[in-house]
Q: 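Below is the structure I would like to discuss, written out as structure tokens.
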Amino acid sequence: MIKNIFYTLVIPIVFSSCQQKNTSPVKKPNIIIIYADDLGYGDLSCYGASAVQTTHIDRLAAEGLRFTNAYSEASTCTPSRYAMLTGRYAFRNDAAILPGDAPLIIEPDRETLASMLKKAGYTAGVVGKWHLGLGNGSPDWNADIKPGPLEIGFDYSFLLPATADRVPTVYVENSRVVDLDHRDPIQVDYNKKIGKDPIGLEHPKMLKMAADTQHSGTIVNGVSRIGYMTGGHQAYWKDEDFADVFTDKAKAFIHQHQNEPFFLYYALPHIHVPRMPNNKYVGTTNMGPRGDLIVEMDAMVGEIMKTLKDLNLDKNTFVIFSSDNGPVLDDGYGDHAEELIGNHKPAGIYRGGKYSAFEGGLRMPMIVRWPNEIQPGISDAVINQIDFFASLANLTGVKIDRETIAPDSENLLDALTGKSKEGRRVMLQESFTMAIRKENWKYIEPVSKKTPDWLDNKTVETGLQQEPQLYDLKHDPREQRNLAGKYPDKVAELAGKLKEIMEK
Ligand code: NG6
Ligand code: CA
């Protein structure tokens, strides 16, 4: 474990503002981060959507604090998650979208949200999409898969190892594949076909949904995936069951730990591709699977809130709802997301989406609810998910050595709980380039190539340009007017600040 960590289990100072009359410290809140996948700023009705109704999340917003300037650290999944769990910018680790057989990228001696909260007496669990790698090299899926969440602070894990569109298509509970028949061992390969299982490229007629070349590997549940696998057939998941399976696991964790402070990182696979809602939700919107999955996801949030209420935990549970990166329509499968979008604006007024350096890729829906401490309302404080670490350390009274632990996380507890409108002044943003937001100014670093090859034939606006870009987010939140030519001094200042932070 990292040295120089000083902490205390008693938290009277932090909770002085909410102490009861007898001055005994208030019970630590449970903490739940509900983290959606590829859900955009405009995808919820409480953020202005009308083509989909998200009643449970809207209730969360009505009873909590809804943010308008909240950010994921990156416009893709792995870096956003790395940064949120470690409080460290992901570029420092070179974190990028991982294949499904990548090793764990969080170093075992690095403090995580889970290991930090354990020092305050929390039991930590993760249920859902992981995508931070597992094991040391390419994991042996037939043995103990270590290191994983349990080696970096979690007490329990139930995972979809990478993404639903990547093999292996099996659940991993703690260190083991669930329901694995050892007579049918799993092998995974990201370079070449292995075994006899059909692949999308050779058997397109077997597919429920058309797929692009990158998603034309092994067919599981009628859907071809990225990568190849053989074996493990009994352990295959069924995508349409995700909502029920993850809801059961999350509820079980809450039930089991209802009498102690717990931290649950609930990483929903929704609404990432392949989009395959359960029959209960098919047709609940006119937008096809992408819209229907939003409704399914909303119901999953409702289930968690109901569980908290039933157990009388909802007043003292700090629930954070957000997403890992902006929205995308065509992400490799023929699910008609583009044709059926109608007037719906997945990124709200913002430009770009998933993979983009523009705001649509990074500005996230974010709602917090903790009735004991948070007044309902709307906040425009700038806050990044990377700041959860230092803020929650402050909340729970864990002292962290800022040189080594969560070095890029800012303690914004007052902003997070609505007691202050003051958020971050400076923030880096990652995509296929780097950007920096300082107050209302945003600078995007130029790059030599406009898109990675695999995005060439997609309608994704990456925001990558060969020229520097400078936007005034206050007067031009849609990033339409590049002011780099007009304000070279501002460009130099922000480029300098970006470099300084990156070299720190
Ligand atoms: C991309 C995949 C995309 C998605 C993404 C990760 C291709 C063409 N596209 O490489 O489908 O899986 O990785 O998404 O392979 S994320 O939300 O986990 O970052
Ligand atoms: Ca994502």
Side-chain angles (χ1 to χ4, degrees), residues 33-41 43 71-85 90 95-102 105 128-134 159-169 190-191 199-201 209-218 220 223-228 239 242 265-276 289-290 293-294 297 321-335 337-338 346-347 352-357 360-365 385 430-432 451-460 462:
I33 298 178
I34 307 178
Y35 207 48
D37 195 357
D38 299 359
L39 185 79
Y41 188 88
D43 274 329
Y71 289 85
S72 57
E73 193 260 356
S75 62
T76 54
C77 162
T78 302
S80 287
R81 285 160 207 254
Y82 176 88
M84 183 172 76
L85 289 181
I97 301 172
L98 292 178
D101 61 350
I105 59 160
K129 169 181 171 172
W130 185 239
H131 210 189
L132 290 161
L134 290 169
L159 309 177
L160 186 158
T163 58
D165 59 353
R166 284 177 172 74
V167 299
T169 49
Y190 268 78
N191 298 313
I199 65 168
L201 211 55
M209 224 184 325
D212 67 13
T213 324
Q214 291 92 337
H215 291 84
S216 288
T218 304
V220 174
V223 177
S224 49
R225 318 278 164 160
I226 306 177
Y228 307 95
D239 308 67
F242 281 164
Y265 168 38
Y266 189 25
L268 312 179
H270 299 61
I271 54 172
H272 196 281
V273 296
R275 303 182 182 117
M276 302 173 78
R290 187 175 185 279
L293 262 195
I294 297 177
M297 175 199 72
F321 175 88
S322 199
S323 172
D324 69 338
N325 54 250
V328 60
L329 297 180
D330 176 1
D331 209 9
Y333 290 101
D335 58 12
E338 277 182 348
K354 181 174 182 175
Y355 310 116
S356 178
L362 300 136
R363 199 184 288 231
M364 292 295 107
Q385 292 159 4
E430 294 195 40
S431 55
F432 295 114
T451 46
D453 297 341
W454 51 271
L455 276 176
D456 272 348
N457 54 0
K458 302 266 190 309
T459 50
V460 164
T462 57

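Note that ligands are numbered from 1 as they come in the structure, with each ligand's atoms numbered from 1 the same way.
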Q: When rounded to the nearest 0.5 angstrom, what distance separates CG in N325 from CG in L362?
A: 8.5 Å
Q: Salt bridge (charged side-chain N to carboxylate O under 4.0 Å, His left out) between D335 and R290: does it pass, once the steps are laid out?
A: CA-CA 8 Å; D335 58 12; R290 187 175 185 279; over 6 Å; no
Q: Indicate, as side chain, backbone, both or neither, the part of I97 found under 4.0 angstrom from ligand 1 when only non-hydrogen atoms are considered.
A: side chain
Q: What's the shortest distance from atom 3 (C) of ligand 1 to any protein heavy atom, and which residue and atom give it?
A: Y355 OH, 3.4 Å
Q: So, the side chain of S323 versus the backbone of G40: is there a donor-acceptor pair under 3.5 Å, distance only?
A: no
Q: Among protein heavy atoms, which lies nearest atom 7 (C) of ligand 1, and at what distance?
A: H215 CE1, 3.5 Å
Q: Can you list the ligand 1 atoms lying under 4.0 Å from a non-hydrogen atom of T76?
A: 19 (O)
Q: Of all the N, O or S atoms in D37, which one sits nearest to the Ca ion (ligand 2)?
A: OD1
Q: Search all heavy atoms of M364 against all heavy atoms of S322 and return the closest pair with its distance.
A: CB-OG, 3.7 Å
Q: With heavy-atom distances below 4.0 Å as the criterion, list the atoms of ligand 1 near T163.
A: 18 (O)
Q: Please report which non-hydrogen protein atom sits nearest to atom 16 (S) of ligand 1, along with the residue it belongs to and the distance in Å to one decimal place.
A: C77 CB, 3.2 Å
Q: Under 3.5 Å between some N or O of ligand 1 and some N or O of D38?
A: yes
Q: With a cut-off of 4.0 Å, which atoms of ligand 1 are near a heavy atom of H131?
A: 18 (O)
Q: Return yes when at least one N/O/S atom of T76 is nearer than 3.0 Å to the Ca ion (ligand 2), and no when none is.
A: no
Q: Judged on heavy-atom distance to atom 10 (O) of ligand 1, which of K458, K354, R166 sits nearest?
A: R166
Q: Once rounded to 10 degrees, what value does the angle at the Ca ion (ligand 2) take between OD1 (D38) and OD2 (D324)?
A: 150°
Q: Please report the shortest heavy-atom distance between Y228 and G217, naming the atom on each side.
A: CE2-CA, 3.7 Å
Q: Measure the spacing between CD1 of I97 and CH2 of W454 and express it to the nearest 0.5 Å.
A: 4.0 Å
Q: Which ligand 1 atoms, with their elements, are less than 4.0 angstrom from a heavy-atom of N325?
A: 17 (O)
Q: Side chain, backbone, both or neither: which part of Y333 comes within less than 4.0 Å of ligand 1 when only heavy atoms are counted?
A: neither
Q: Just how far is it from atom NZ of K129 to atom OH of Y265, taken to the nearest 0.5 Å?
A: 8.5 Å
Q: Between D324, I226, D37, which one has a non-hydrogen atom sitting closest to atom 15 (O) of ligand 1?
A: I226
Q: Taking distance alone, with no angle check, do Q214 and ligand 1 share an N/O pair under 3.5 Å?
A: no
Q: How far does CD1 of I105 sit from CG of L98, to the nearest 0.5 angstrom?
A: 5.0 Å
Q: Please round to the nearest 0.5 Å and tell me the distance separating atom CG of L85 and atom CD1 of I33.
A: 7.5 Å
Q: Could you list the atoms of ligand 1 found under 4.0 angstrom from a heavy atom of D165?
A: 3 (C), 4 (C), 11 (O), 12 (O)
Q: Pick one of side chain, backbone, both or neither for how T78 approaches ligand 1, counting any non-hydrogen atom pair under 4.0 Å.
A: neither
Q: Report the relative orientation of the aromatic rings in F432 and Y355; use parallel for angles under 30°, tilted for 30 to 60°, perpendicular for over 60°.
A: parallel
Q: Of all the atoms in ligand 1, which lie at a distance below 4.0 Å from a heavy atom belonging to D331?
A: 3 (C), 4 (C), 11 (O)
Q: Evaluate the criterion salt bridge (charged side-chain N to carboxylate O under 4.0 Å, His left out) for residue pair D331 and R275; output intermediate values, then yes/no.
A: CA-CA 10 Å; D331 209 9; R275 303 182 182 117; 5.5 Å; no
Q: Test R225 against D239 for salt bridge (charged side-chain N to carboxylate O under 4.0 Å, His left out), laying out the working first.
A: CA-CA 12 Å; R225 318 278 164 160; D239 308 67; 2.9 Å; yes
Q: Does ligand 1 have a heavy atom under 4.0 Å from the side chain of K129, from its backbone, from both, or from neither?
A: side chain
